[in-house]
Amino acid sequence: MSQVFDVAVIGAGPGGYVAAIRAAQLGLSAVCIDEWKNEKGRPSLGGTCLNVGCIPSKALLESSENYERAAQKFADHGIRMQGLSVDIATMQARKAKIVDTLTSGIAMLFKKNKVTSLHGRGLLVSAGATYGIQVTEGDQSEVIEARHVIIATGSLPRQLPMAEVDNELILDNEGALALAEVPRKLGVIGAGVIGLEMGSVWRRLGADVTVLEALPSFLSAVDEQVAKEAFRIFSKELGLVIHTGVKIDTVTKGKGKVSVKYEDQAGMHKAEFDKLIVSVGRVPNSASVGADALGLKIDARGFIEVDDHCRTNLPNVYAIGDVVRGPMLAHKSSEEGVAVAELIAGQESHVNLETVPWVIYTSPEIAWVGRNEQELKEAGVAYRSGMFPFTANGRARSLGETNGFIKILADTGTDRILGVHIIGPFASELIAEATVAMEFGASAEDIARIVHAHPSLSEVMHEAALGVDNRTLHL
Ligand SMILES: Cc1cc2nc3c(=O)[nH]c(=O)nc-3n(C[C@H](O)[C@H](O)[C@H](O)COP(=O)(O)OP(=O)(O)OC[C@H]3O[C@@H](n4cnc5c(N)ncnc54)[C@H](O)[C@@H]3O)c2cc1C
């Protein structure tokens, strides 16, 4: 009889591959099935995050930011640039090398941890004492058996019916990350994280970028004060043209151009672009395992239904990451993967969704953890706020990155930190202190009493904490 695995993981994104490694570390026999192929048609582990998401986008953001620094900021340092130019092919090759290194690193981690890696589509075909999973690659198919199943099939770009993605003129994240040249005029439908990050990359490299957002407010999930500051910086300094409250009417492809008719409060407009990025969110990829035939419960929005411990309604079947409720973020997926592997191994484990940090890798970066002011007001929670600007911080001045601030929101009665909101340099790194503090149930005074290195950006966090008690030192 063929081997019955303790755990079969379907999907090798940051949720699935981490779950498989953790299960193997705990002595369970683990198989991870993944169908991703890269542009060369080769299997490539790591899912959306490593192949067409977090990692390639950060590679291009870094390259384009370096270009912008050289073009706009080096002169302040007395560094003169002449004949500055950008070579997109080299930039893209650097990105591809980073992706290759990291995706093949997962294959090595699988080997090291003795995770069996199968390439192909995994379909749940039978349930009983064990689950049968059919793995199909081309015309080859085999059925493997497992006692526990973890579904980690991730998400897919949401489609706009009137703007079908062809990755030539109308692009999703995959096409937006693979452009071979800078479009002169770039349209972006959707001012979410992906739209703003991609818009920033191509704007810095010289494109005229227009962002069309359906919602009336900009970055509505973000603290309002942060969103306001971001709007100011992105429009005035970066040069993004951002229209909110927009209703897309038609999208028409022409010869090397795409034109968009849209309506806003001022009436109907028409804009023509060389490329159009559609970034209107992502939808859970819950249908790909075919588990509805086994009675797997999927909610109205397409998410696999799970409890607080990622258990589905099918015994011993778990689901994690983008395919279930909660933030669609790589680190959330990974932590759920760890927690589920530990639960299967008989340990206690849990992910606290209240303290998942969020980051938008624009310049300046935006990061937050916990609740924002509008959420606290709506919930009727009494809070105090402490805020400190980067402009009054020595390290930020020497970096030449003085935009933005850190804001700490703390409960009026207990001083417990309820949320921390950052717009500014290295927000993605600074938010870690706030996340640790919130996980430990810290008060604003706790942070205020901790010694922070000087000169460092973390002093802005320190001063914001002092600010909760109205006693900032440097403002
Ligand atoms: C442009 C972009 C930038 C992003 N930047 C960030 C960021 O900076 N930080 C962050 O935290 N998040 C970011 N994200 C989101 C992040 O990529 C996702 O939250 C994360 O990848 C979700 O992980 P996952 O493991 O749940 O699913 P995925 O990464 O989507 O992986 C799912 C895997 O399952 C495979 N699969 C699906 N169905 C089957 C099947 N039936 N059989 C076999 N295999 C299957 C897929 O091929 C894929 O490999 C970004 C996303 C995009 C698009």
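Note that the numbering runs from 1 along the sequence shown for the chain. Indexing begins at 1, ligand by ligand and atom by atom, following the structure's order.
- For K257, the side chain to side chain donor-acceptor pair (under 3.5 Å) criterion is met by D274, not counting sequence neighbours.
- For the side chain to side chain contact (heavy atoms under 4.5 Å, CB included) with V149, the lone residue among T312, I10, N316, V9 that qualifies is I10.
- Nearest heavy-atom pair across Y318 and H148 is CE1-CD2, 4.5 Å.
- Summarising the geometry of L430 relative to P425, their closest heavy-atom pair is CD1-O, 3.5 Å, with the distance given to 0.1 Å.
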For ligand 1, what N or O to protein N or O distances fall under 3.5 Å?
| from | atom 1 | to | atom 2 | distance (Å) |
| --- | --- | --- | --- | --- |
| ligand 1 | 5 (N) | K58 | NZ | 3.3 |
| ligand 1 | 8 (O) | K58 | NZ | 2.7 |
| ligand 1 | 11 (O) | A330 | N | 2.8 |
| ligand 1 | 11 (O) | H331 | ND1 | 3.3 |
| ligand 1 | 12 (N) | A330 | N | 3.4 |
| ligand 1 | 19 (O) | D322 | OD1 | 2.9 |
| ligand 1 | 19 (O) | D322 | OD2 | 3.2 |
| ligand 1 | 19 (O) | M328 | O | 3.3 |
| ligand 1 | 19 (O) | L329 | N | 3.3 |
| ligand 1 | 19 (O) | A330 | N | 3.4 |
| ligand 1 | 21 (O) | C49 | N | 3.3 |
| ligand 1 | 23 (O) | S333 | OG | 3.3 |
| ligand 1 | 25 (O) | P14 | N | 3.3 |
| ligand 1 | 25 (O) | G15 | N | 2.9 |
| ligand 1 | 26 (O) | D322 | N | 3.0 |
| ligand 1 | 26 (O) | S333 | OG | 3.3 |
| ligand 1 | 29 (O) | T48 | N | 3.0 |
| ligand 1 | 30 (O) | T48 | OG1 | 2.7 |
| ligand 1 | 38 (N) | S288 | OG | 2.7 |
| ligand 1 | 41 (N) | G122 | O | 3.1 |
| ligand 1 | 41 (N) | S288 | O | 3.1 |
| ligand 1 | 41 (N) | S288 | OG | 3.2 |
| ligand 1 | 42 (N) | G122 | N | 2.8 |
| ligand 1 | 44 (N) | E35 | N | 3.2 |
| ligand 1 | 49 (O) | D34 | OD1 | 2.7 |
| ligand 1 | 49 (O) | D34 | OD2 | 3.4 |

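- By the ring pair (Phe, Tyr, Trp, His ring centres under 6.0 Å) test, W358 pairs with W368, sequence neighbours left out.
- When the side chain to side chain donor-acceptor pair (under 3.5 Å) test is applied to T153, no partner is found at least two apart in sequence or on another chain.
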